[in-house]
Amino acid sequence: MRVVLLGPPGCGKGTQAELVAANYRIAHISTGELLRAEAAAGTDLGRQAQAVMASGQLVSDAIVLGMIEHRLTAPDTDNGFLLDGFPRTLVQAESLDRLLDKLQQPLSAVVQLDVDDGELVRRLLSRGRADDSEITIRRRLGVYEAQTKPLSDYYRRQAKLHAVNGVGDIDAIWGRVFAALGGLDKVDANH
Ligand code: B4P
């Protein structure tokens, strides 16, 4: 199982990613977490990324792609992986497809969590991470709209997109994500 979890900041990607990874026993790869770990370790890459993340912009494609390429060769991805927060731009999506072609491991599905902006702002303000001020959240939502939203059409054209309502309690949303992935398994088994 090789899955991308797509959705705006605060939609519950991190929360649902943990449930998917635990239930399917696949690696959970969050580019946000990888970047925050680099920042906490004080590496050059981490220092560059920290300033960009604090401003609400996206870290450069080159940095993120290098990190992902390295991460996808780790042995814990043998059983599959879930990408949380990656790809976030068309360049990243196209590069991911090329990399997975090379590895002969195409994506199984892309699950998109749909949540309205008011609810996103409310969730992120109550989370209170360093990059969760109202002004930064608004900028991140703008960046999502301009740079990440086009990925819905990109994956719809590949017939891989499963849109799921991301509003409600965490277990109910997990049920919808599971149904989207379970439906896909049945399709695979029939072909
Ligand atoms: P991320 O770490 O990916 O952060 P995020 O999108 O803000 O968080 P996420 O969407 O995972 O939050 P979640 O819903 O789980 O990225 C941070 C920054 O890193 C980016 O702004 C960017 O600068 C950089 N970056 C990362 N990836 C990059 C890439 N590929 N390219 C370039 N730059 C990149 O959680 C939100 C809150 O909602 C939580 O408190 C949670 O408990 C709560 N919640 C979850 N489900 C809920 C529910 N059903 N109801 C109510 N609350 C819920």
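Numbering of ligands and ligand atoms starts at 1, following listing order.
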Report whether Leu58 and Val52 are members of the same hydrophobic cluster (ILVMFWY, side-chain heavy atoms less than 4.5 Å apart, transitive linking).
-> no

Side-chain (Thr43) to main-chain (Gly46) donor-acceptor, under 3.5 angstrom = yes

Closest non-hydrogen protein atom to atom 20 (C) of ligand 1, residue and atom name please, with distance?
-> Arg88 NH2, 3.9 Å

Look only at interatomic distance and state if Gly14 has a nitrogen or oxygen under 3.5 Å from any nitrogen or oxygen of ligand 1.
-> yes

Distance-only side-chain donor-acceptor flag, Gln16 / Asp84, under 3.5 Å = no

Residue and atom name of the nearest protein heavy atom (relative to atom 12 (O) of ligand 1), distance in Å to one decimal = Arg127 NH1, 3.1 Å

Heavy-atom nearest option to atom 19 (O) of ligand 1, drawn from Glu119, Met53, Glu18 = Met53

Among Arg123, Arg36, Arg129, Gln16, closest by heavy atom to atom 4 (O) of ligand 1 is Arg129

Considering only heavy atoms of Cys11, which atoms of ligand 1 have at least one such atom less than 4.0 Å away?
-> 10 (O), 14 (O)

Taking only heavy atoms of Leu35, which atoms of ligand 1 are found under 4.0 Å from at least one of them?
-> 24 (C), 25 (N), 26 (C), 34 (C)

Heavy-atom closest pair, residues Met53 and Leu35 | SD-CB, 3.7 Å

Looking at atom 31 (N) of ligand 1, what's its closest protein heavy atom, distance included?
-> Gln92 NE2, 2.9 Å

Using distance alone, decide if ligand 1 has a nitrogen or oxygen within less than 3.5 Å of any nitrogen or oxygen in Gly85.
-> yes

Could you list which atoms of ligand 1 come closer than 4.0 Å to a heavy atom of Pro8?
-> 10 (O)

Which of the listed options, Lys13, Gln57, Gln147, holds the heavy atom that is closest to atom 6 (O) of ligand 1?
-> Lys13

Under the 3.5 angstrom rule, does the side chain of Thr136 hit a backbone N or O of Asp132 as a donor-acceptor pair?
-> no

Identity and separation of the nearest protein heavy atom to atom 41 (C) of ligand 1 | Thr15 OG1, 3.8 Å

Do ligand 1 and Phe86 have nitrogen or oxygen atoms that lie under 3.5 Å from each other?
-> no

For side-chain contact (heavy atoms from CB on, under 4.5 Å), just list the numbers for Leu151 and Leu90, CA-CA rounded to whole Å, side-chain angles, deciding distance to a tenth of an Å, and then say yes or no.
-> CA-CA 6 Å; Leu151 298 190; Leu90 273 173; 3.7 Å; yes

Correct closest heavy-atom pair for Gly166 and Ile173 would be O-CD1, 3.1 Å

Would you kindly specify which portion of Val143 sits under 4.0 Å from ligand 1, judged on non-hydrogen atoms: side chain, backbone, both or neither?
-> neither

Ala21 and His28 have their tightest heavy-atom pair at CB-CB, 3.7 Å

Taking atom CZ of Arg129 as the centre, report whether more than 12 heavy atoms of other residues, nucleotides or ligands fall under 6.0 Å from it.
-> yes

For ligand 1, is there an atom lying under 4.0 Å from some heavy atom of Gly168?
-> yes

For Ala22, does its backbone N or O pair with a side-chain atom of Arg25 as donor and acceptor, under 3.5 Å?
-> no

Of the backbone atoms (N, CA, C, O) and the side-chain heavy atoms from C-beta on, which set of Asp61 has a member under 4.0 Å from an atom of ligand 1: side chain, backbone, both, or neither?
-> neither

Do Asp117 and Tyr144 have side-chain atoms, one donor and one acceptor, less than 3.5 Å apart?
-> no

So is Ile173 in contact with ligand 1, going by heavy-atom distances below 4.0 Å?
-> yes

Among all protein heavy atoms, pick out the one at the shortest distance from atom 7 (O) of ligand 1; state its residue, atom name and that distance to 0.1 Å.
-> Arg140 NH2, 2.5 Å

Indicate if Val64 and Tyr154 have the same hydrophobic cluster label, given that clusters are the connected sets of ILVMFWY residues with side-chain heavy-atom separations under 4.5 angstrom.
-> yes

Contact check: Gly12 vs ligand 1, nitrogen or oxygen atoms, below 3.5 angstrom = yes

Among protein heavy atoms, which sits nearest to atom 27 (N) of ligand 1, and what does the distance come to when rounded to 0.1 Å?
-> Thr31 OG1, 2.8 Å

Side-chain donor-acceptor contact under 3.5 Å, Thr89 with Gln147 = no

Could you tell me whether Val59 approaches ligand 1 through its side chain, its backbone, both or neither, with non-hydrogen atoms closer than 4.0 Å?
-> both

